[in-house]
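Numbered from 1 within each chain, the chains take letters A, B, ... in sequence-line order. Below, each value reflects all heavy atoms present in this structure, side chains not excepted, and no hydrogens, waters or symmetry copies.
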2 protein chains.
Amino acid sequence: MRLVVARCQIDYAGRLTAHLPMATRVLMLKADGSVLVHSDGGSYKPLNWMSPPCNLTEGTAEDGRVEWKVTSRTDDTLRILIEEIHHDSSHELGIDPGLQKDGVERHLQELLAEHPATLAPGLTLVRREFPTAIGPVDLMCRDAGGASVAVEIKRRGEIDGVEQLTRYLELLNRDPLLTTNGAVRGIFAAQAIKPQARVLAEDRGITCAVVDYDALRGLDNAEDRLF
Amino acid sequence: MRLVVARCQIDYAGRLTAHLPMATRVLMLKADGSVLVHSDGGSYKPLNWMSPPCNLTEGTAEDGRVEWKVTSRTDDTLRILIEEIHHDSSHELGIDPGLQKDGVERHLQELLAEHPATLAPGLTLVRREFPTAIGPVDLMCRDAGGASVAVEIKRRGEIDGVEQLTRYLELLNRDPLLTTNGAVRGIFAAQAIKPQARVLAEDRGITCAVVDYDALRGLDNAEDRLF
DNA sequence: AAGTACATCTCGGGC
DNA sequence: GCCCGAGGTGTACTT
């Protein structure tokens with residue numbers, strides 16, 4: 001890992017072309033040849049970058065200034081014209097053990113699979129990740145009357161989630177095996193549901209369910225204490 | 001901008017929880033309080049980060065080691081336990097003039113607006129960015145028979161683009177002024193169209209058009225040479 | 001401030 | 001390898 005602080009001008013050409021006027025920035029040169037250009041603000045996204053695998057060659061521009069050229073295998077190029085280097089240091093980092101993540105949509109799905117009745121009284125689980133031709137339905141359930149219920153789970157309930165569930169319902173309702181006890185209903189479950197998504201869902205006869213993540217975890221813990 | 005290379009362990013808690021075991025990494029501390037944790041590989045995305053606005057406080061853990069706590073207004077926290085600092089430097093960067101981008105979907109739209117007949121024979125442009133209640137239609141055209149044609153342009157044709165065009169078509173077909181010469185048709189134009197998007201589009205009577213960007217630019221250049 | 005669409009998205013999983 | 005969905009998405013633009 002090489003860290004450079006320099007006054008530089010940058011031109012990228014690839015899927016698009018982009019230009020950064022001369023200014024002082026941080027250049028992060030990683031061991032795999034990739035390059036990140038950061039300013040002193042914004043979020044984690046660099047102003048400009050080159051993804052690995054790529055190759056950096058140091059050269060000289062026509063006017064004698066230092067010029068770095070980063071090229072990828074797909075003919076993307078990043079040209080860094082350097083006017084002044086304020087800092088330049090290299091560091092041995094070693095291989096990173098990597099990130100351990102926990103608890104996202106998957107966990108919400110597990111909790112709801114264990115407690116389907118919190119979505120609607122009498123609801124029971126048929127199976128998680130119920131396969132269809134256009135992808136798996138998060139939870140396939142049955143209600144008290146024996147009718148099939150497809151549940152789509154999202155952390156945040158937005159319009160595209162409703163569209164997704166609608167596509168599943170269209171498909172599922174063509175299957176005579178699923179509709180023997182009436183049409184397949186849909187439940188859109190999320191920790192929070194945006195107003196527009198709610199309107200669209202209700203317009204399509206889909207039930208909205210706001211899920212309380214902490215309460216669900218509480219149910220789990222309560223059961224754990226019983227055993 | 002402060003650059004730190006340190007052996008550290010990191011715990012994030014927010015919308016999810018994540019853990020990074022003790023290892024040597026680069027910590028980038030920006031002027032707005034945001035923090036990025038990078039390893040010596042991967043793409044531009046940091047292993048972990050905190051987005052602005054946020055606040056960094058330096059403290060001491062129970063065992064006496066240095067501990068940084070970064071907190072956001074939404075109660076996300078990033079805890080950085082530092083074992084050894086290999087490098088620590090600060091730099092004045094100033095405000096960045098910002099990135100100038102050129103040529104993406106916009107350029108494709110301009111080219112197709114100039115050459116609508118490449119999408120379907122006899123197609124003529126009515127207007128770009130045709131306004132509707134739910135947003136602008138990329139291109140509104142008329143075919144040889146005088147019927148309206150709505151064109152949605154994407155660099156990559158995926159399902160959500162078909163959904164978007166479908167919503168437009170539903171709305172446009174309620175307008176008697178547009179349907180005097182028959183129902184409004186849809187053309188889904190993209191440099192590449194994913195199989196699932198193609199199936200969905202055709203199922204809804206939407207025509208798919210694969211656009212050759214280079215050939216379109218060629219048409220433009222040929223015309224330029226004439227004048 | 002909220003909603004929408006785009007991104008040189010990145011990243012992981014499935015086939 | 002491609003395809004597809006999720007993201008602590010970020011980002012720009014509109015309402």
Residues which pass side chain to side chain donor-acceptor pair (under 3.5 Å) with [X], listed by chain and number, not counting sequence neighbours:
X	answer
A/Asp40	none
A/Arg2	A/Asp88
B/Glu163	A/Arg167, B/Arg204
A/Thr71	none

Worksheet item: Residues from residues 162-172 of chain B sitting under 4.0 Å of DNA chain C, heavy atoms only?
Response: B/Gln164, B/Arg167
Atom pair distance, as rounded to whole Å: [atom1] in [X] and [atom2] in [N]:
X	N	atom1	atom2	answer
B/Leu47	C/dT10	CG	P	16 Å
B/Lys101	D/dG10	NZ	P	15 Å
A/Asp76	C/dA7	CG	P	15 Å
A/Ile159	C/dA2	CD1	P	16 Å
A/Glu129	C/dG14	CD	P	9 Å
A/Leu99	D/dA6	CG	C1'	15 Å
B/Leu36	C/dT10	CG	C1'	14 Å
A/Asp160	C/dC6	CG	C1'	14 Å

Among the nucleotides [options], which one has an atom lying closest to any side-chain atom of [X]?
X	options	result
A/Lys194	C/dC6, C/dG3, C/dT10	C/dG3
A/Pro195	C/dG3, D/dG10, C/dC6	C/dG3
B/Ser43	D/dA6, D/dT11, C/dT10	C/dT10

Worksheet item: Does the side chain to side chain contact (heavy atoms under 4.5 Å, CB included) test come out yes or no for B/Val66 and B/Ile85, once each step is laid out?
Response: CA-CA 10 Å; B/Val66 176; B/Ile85 291 182; 5.9 Å; no
Worksheet item: With sequence neighbours excluded, what pairs up with A/His91 under the ring-ring contact (aromatic ring centres under 6.0 Å, His included) test?
Response: B/His87
Which is true for [X] with a 4.0 Å heavy-atom rule: it touches a base, it touches only sugar-phosphate, or it touches nothing?
X	result
B/Ser51	base
A/Tyr44	sugar-phosphate
B/Met50	base

Fill in: Of B/Gly42 and A/Glu158, the one whose closest DNA chain C nucleotide lies more 5'
A/Glu158
Worksheet item: Looking at A/Lys45, does any N or O in its side chain come under 4.0 Å of the phosphate oxygens OP1/OP2 on D/dT11?
Response: no
Response to the item:
Judged by nearest nucleotide, the residue sitting upstream toward the 5' end of DNA chain D, B/Ala197 or B/Gly14, is B/Ala197
Discussion item. So which atom in A/Val70 and which in A/Cys54 form the shortest heavy-atom distance, rounded to 0.1 Å?
Written reply: CG1-SG, 3.8 Å
